[in-house]
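Only heavy atoms go into these numbers, but all of them, side chains included; no hydrogens, no water, no symmetry mates. To find a chain, count down the sequence lines: A is the first, B the second, and so on, and within it residues start at 1.
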Amino acid sequence: MTHREPLSPEVLYRRIDTGPWQFQTTADLEDLTEMVGQTRATEAIRFGIGIRRDGYNLFVLGPPSTGSHAIVRGFLAEQAAREPVPADWCYVNNFEQPHRPRVLRLPAGLGVKLRDDMEELVEDLQGAIPAAFESDESRARRHEIEQEFKEHREKVLEELERDAAEHGIALIHTPTGMAFAPKRKNEVMSTEEFEKLPAEEQKRIEELVGTFRQRLEQLFNQIPQWRRENQQQIRELDRTVVMTAVGHLINSLKKRYAAYPEVLAYLSAVEQAVVENADDFRQPEEGQEMTLFGMTIGRARDAAALRRYQVNVLIDHSATEGAPVVYVDNPSYPELIGRVEHLAQMGTLVTDFTLIKPGSLHRANGGYLVLDARHVLLQPFAWEGLKRCLSANQVRIESLGQMLSLISTVSLEPEPIPLNVKVVLVGERLLYYLLYYYDPDFRELFKVAADFEDDMDRTPETQLLHARLVATLARREKLLPFHRDAIARVLEHGSRLAADAEKLSVRVQDITDLLREADHWARAVEREVVQVGDVRRAIEARIDRADRLRDRLQEAIRRGTILIDTDDIRIGQVNGLSVMTLGDLDFGYPTRITARARLGKGEVVDIQREVELGGPIHSKGVLILTGFLGARYCTDRPLSLSASLVFEQTYGQVEGDSASCAELCALLSALADVPLKQSLAITGSVNQHGEVQPIGAVNEKIEGFFDTCQARGLNGGQGVVIPAANVKHLMLREDVVQACRENKFRIYPVATVDEAMELLADAPAGMRDANGLFPEGSVNRRVEQRIVKLAEQARAFATPAVAEKKDA
Amino acid sequence: MSVIDLPLRIRRILVAVDASAASLAALEAAAMLAARMDAELLGLFVEDVNLLRLAALPFASEIDMATGSARSLAPREMEQRLRAQATRAQDSLAQVAARRQLRWTFRVARGQVVTELLSAEIEADLIALGTVSTQVIRRARVGSTAQAVMDRTARPLLILPSGAAVRTPISVVFDESPESARAVTLAAELTAAEDGELVVFLLADDAETEQRLRETAASRLAPLHVKARYRWLAEVDTATLAGAVRDERSRTLVLAAHSAALDAQTVHALLERLECAVLLVR
């Protein structure tokens, strides 16, 4: 057995060498102009922003804490400032189909002008049209036409009356009509007088009356026709009057907008509509208010009639510089696509084009729209709506209620607006990959992915860059300058966050938080420069704030509620190490792992799995143990043992294979009947060849066991066995490093399970010699002997059974 | 000049009612005057004997105004219709009188409309009439009945087109004749009651006469405390008068039926042109 050396304290915590640094505090450092360690992502963003083709929208991958949002926005602002201001968009009434409002595209700033011009026009018309109608000339003309009709009618009737009178027949007005009767001395002939007349005379009169009646009837039938013609003439006159009044007002507008054919077409439609609906402008404003059940419901008709001539400026870029960059916090469907609002009027919902409201896509049109991918996906239909707009290259406002036929009310179908926008989605990696695999449209629409790194290599150059990052952040956050040692400590913490001594975390958010907190502590003691102690205090205080559960767990171990041995030796029992993640704090703690073995059918029972408290990776680790045992100790016989493994006193899920090495050691100890040192804890996974493989959170695990031992008093023999491959990840807490320096605690790296057993059992593991045998007294020999013995016993049990069968 | 000083006392107003729009206007105006002068309303509905005779003729039929088609008439039906009309007229009268708390009587007479009206006027001090009974196609604004009554009555006559009412501004024609002087007094009384301004048209050939007329009128108006404006009309013809009334936007015109300056012909023509209430004083 070779003597194993613990790791030297230098390896346990890789310090930043501040020797080459030429500065004293962050005040001496220049700002960073570019993000450190994100070359790949920044190149992708540059490419994505630069390329103006369909489907080249961006997806920025990476947690928000890497500062990806800020970087993207910075790039966009820079690029957008160089681009032209996009057009204004207005919705105007469609006079032919009012439910399909028209859209007008105007150069930036002209939308508002058109709106004001139209308002002025309506005001002018409200004056000009009544004035035109009230003018003496037009009144006289109208009177003339009306008179013409009356006179014509009266003339014809008079002629008839005169004609009748000449024949001695009177035209008489009855209460309901007119009639003809023979006349004598200005009075209607009485029946007696009539009957005295000779028969021929009676007949003549009767015929005469009949003839006149027929003439009158014909006349009456013609009157409606005359009236229609007369009204037509009046209408024509009104049109002419309005045309004259309106024409020059609209023409002056047309001159102003001569360069925009769409506006000219709209103005022509307005002219037409005004002429046809001139009465709308004649309503006096102080007209009688309509009321229903005592409620004033307003002069709804007049108001609605004049609203038609308004201009709804959907997007006004009069004050915009460069292309717009829009960031949407709450990307709901209507917030993205726009919406049509309704007014409640007398219990019904009414709407028109003036109630169309823009969405973020409208606002960002001609520029950039930044969205949080998760938020978009969480909002019902927002993702589908966004995709539809991007693939159609137009925004069509359609309410959700309409789309799903949930609400049927008066609604609009506004003309769609052509869309030219670059959408930048920012989101987690998982979302990107899920969308990529499950949404075929996604690949077509988001062709550029910018992947942000979580960490970067730690080299003297990057350390200096990182120091400048600290300086930049400190200045941006208006913090005190940081001393070079404090910066070094921040960087070291960055390595710890990256869980790798050879890497630095670039999660800007976490670094910023640490800087702010260190600044707070420095100010609390009225320092002008943040010192290393302040950084240390910030880190510790942050842990202290979050570690209530860790304390409770350690307390339970200290008081013997959770049974953990930290000295002495035991058979089939070993200290494994677990990690718990609670909020932003990860911490490790020891767990007792025990193994028992007996004669059986060659299986290792994972009790955790049997009760469904073990995850699949944990089960995999245990199954590997069976493979290892069979291959190493029992190649030529059936493996006839039955072993059980358990994490003692765990009441929740156990997942991961980082305890498989510990489990194997416990199992070997049980099989070989060799006691293991309880002063050591072990972590690491193992493969079928017995090689120890690296695991995660090595620092937290070591610290967890250290805390337990320290609470009981370090006896000098305690330590942790870790996979050799994890040595490069060590960034241990200062007290742990100090204890190791004082030889009160030790960290042993191991590459194989044999090395681990030698440390734990304090006995040689043993290698097979030329005869294929393990040396006498070695752990492996004892294991093999036990397994062979179990196999023999199994055969002994099996044989009599066969014999009995034969007898039968 | 004893005639001038005779005050125009109106105790009973005869109003011809036939439920037409103009007759309702006449009823309304008569009621207003009656209320003001504490007079009684005498409602008269004349069953036109011409209509009854017409209906009795064997071939009687009328052209319905609403449908434009012919319909045969029967005496019974016509009588029913007239009775219904009389009932409507009486109802209107009762309503109007009740509103103004007036004494009233209502009578139905059968005969020629004009004759019946003129025979009834003996009981009354003033007659109120609508310009036309039925709004038929008539070139003339003033119907034959109104014209005949105007020519033959001895009483003051109030003529109202449909929609008109006795309202301020009131104007009056003054030409120094005793009748016109009475007209001024009556107009002043009406104006005072309505608290308005009176416009006096002075018919004078020269400035001197105009001055004298103005003084005479003013002296008559003084005790009534009526605000008055004077307007000199040198030309006495229909067009000038009608123009002046229109200019002043008068709603009521008071004038003497027979006076030196205005002959019957002119008054006729004037009535044809005006759309306001006209009170002819005798």
Side-chain angles (χ1 to χ4, degrees), chain A residues 147 149-162 169-195 197 199 202-227, chain B residues 18-20 22-23 45-75 77-89 110-116 132-141 143-145 148:
Chain A
Q147 212 54 38
F149 162 67
K150 276 190 199 154
E151 273 172 20
H152 180 58
R153 191 177 60 176
E154 280 161 14
K155 207 178 104 207
V156 176
L157 266 174
E158 257 172 37
E159 265 171 27
L160 184 62
E161 193 176 5
R162 206 165 43 238
I169 307 288
L171 176 66
I172 295 177
H173 301 283
T174 66
T176 52
M178 288 186 197
F180 289 99
K183 207 162 59 167
R184 169 157 300 174
K185 284 188 255 160
N186 262 334
E187 287 179 19
V188 172
M189 203 181 273
S190 67
T191 323
E192 296 81 42
E193 283 170 323
F194 182 72
E195 275 165 1
L197 293 175
Q202 283 185 20
K203 196 160 177 265
R204 192 188 64 87
I205 290 175
E206 199 173 331
E207 273 171 11
L208 263 176
V209 167
T211 321
F212 283 118
R213 196 169 53 224
Q214 263 180 3
R215 276 175 65 183
L216 183 65
E217 213 171 334
Q218 278 169 4
L219 203 102
F220 267 35
N221 287 337
Q222 278 171 326
I223 289 173
Q225 173 64 25
W226 295 342
R227 184 174 290 130
Chain B
D18 62 1
S20 70
S23 89
F45 179 81
V46 183
E47 291 180 351
D48 191 347
V49 76
N50 283 337
L51 289 177
L52 291 165
R53 283 186 190 163
L54 165 73
L57 287 171
F59 48 83
S61 73
E62 66 167 354
I63 306 289
D64 192 299
M65 290 282 279
T67 61
S69 57
R71 186 170 59 170
S72 64
L73 289 170
E77 193 194 344
M78 183 56 83
E79 285 200 19
Q80 265 173 9
R81 248 195 254 173
L82 287 173
R83 260 204 303 282
Q85 215 179 342
T87 314
R88 279 214 307 281
R110 178 172 294 193
Q112 297 293 338
V113 178
V114 178
T115 322
E116 290 303 319
V132 283
S133 61
T134 37
Q135 279 290 9
V136 202
I137 308 138
R138 288 294 309 213
R139 181 172 215 155
R141 244 197 210 109
S144 53
T145 310

Close side-chain approach of B/Leu52 to A/Ser190, heavy-atom, < 4.5 Å: no

Backbone of A/Val188 reached by a side-chain donor or acceptor of B/Asn50 within 3.5 Å: yes

Taking every non-hydrogen atom, the tightest pair across B/Ser61 and A/Ala179: O-CB, 3.4 Å

Contact class of B/Pro58 relative to chain A, heavy atoms under 4.5 angstrom: side chain

Expected output: side-chain B/Arg53 to main-chain A/Met189 donor-acceptor under 3.5 Å: no

Gap between atom CG of B/Leu57 and atom CD of A/Glu206 - 0.5 Å precision: 9.5 Å

Centroid-centroid under 6.0 Å between A/Phe194 and B/Phe59 rings: yes

Rounded distance (nearest 0.5 Å) linking atom CZ of A/Phe180 with atom CD1 of B/Ile63: 7.5 Å

Heavy-atom pair with the smallest gap, counting every atom of A/Glu217 and B/Ser69: OE2-CA, 4.0 Å

Smallest separation among heavy atoms of B/Ala70 and A/Arg213, with atom names: CB-CD, 4.3 Å

Option in A/Asn221, A/Val209, A/Ile205, A/Leu219 with maximal non-hydrogen atom pairs under 4.5 Å from chain B: A/Val209

Part of B/Leu51 within contact of chain A (heavy atom distance under 4.5 Å): side chain

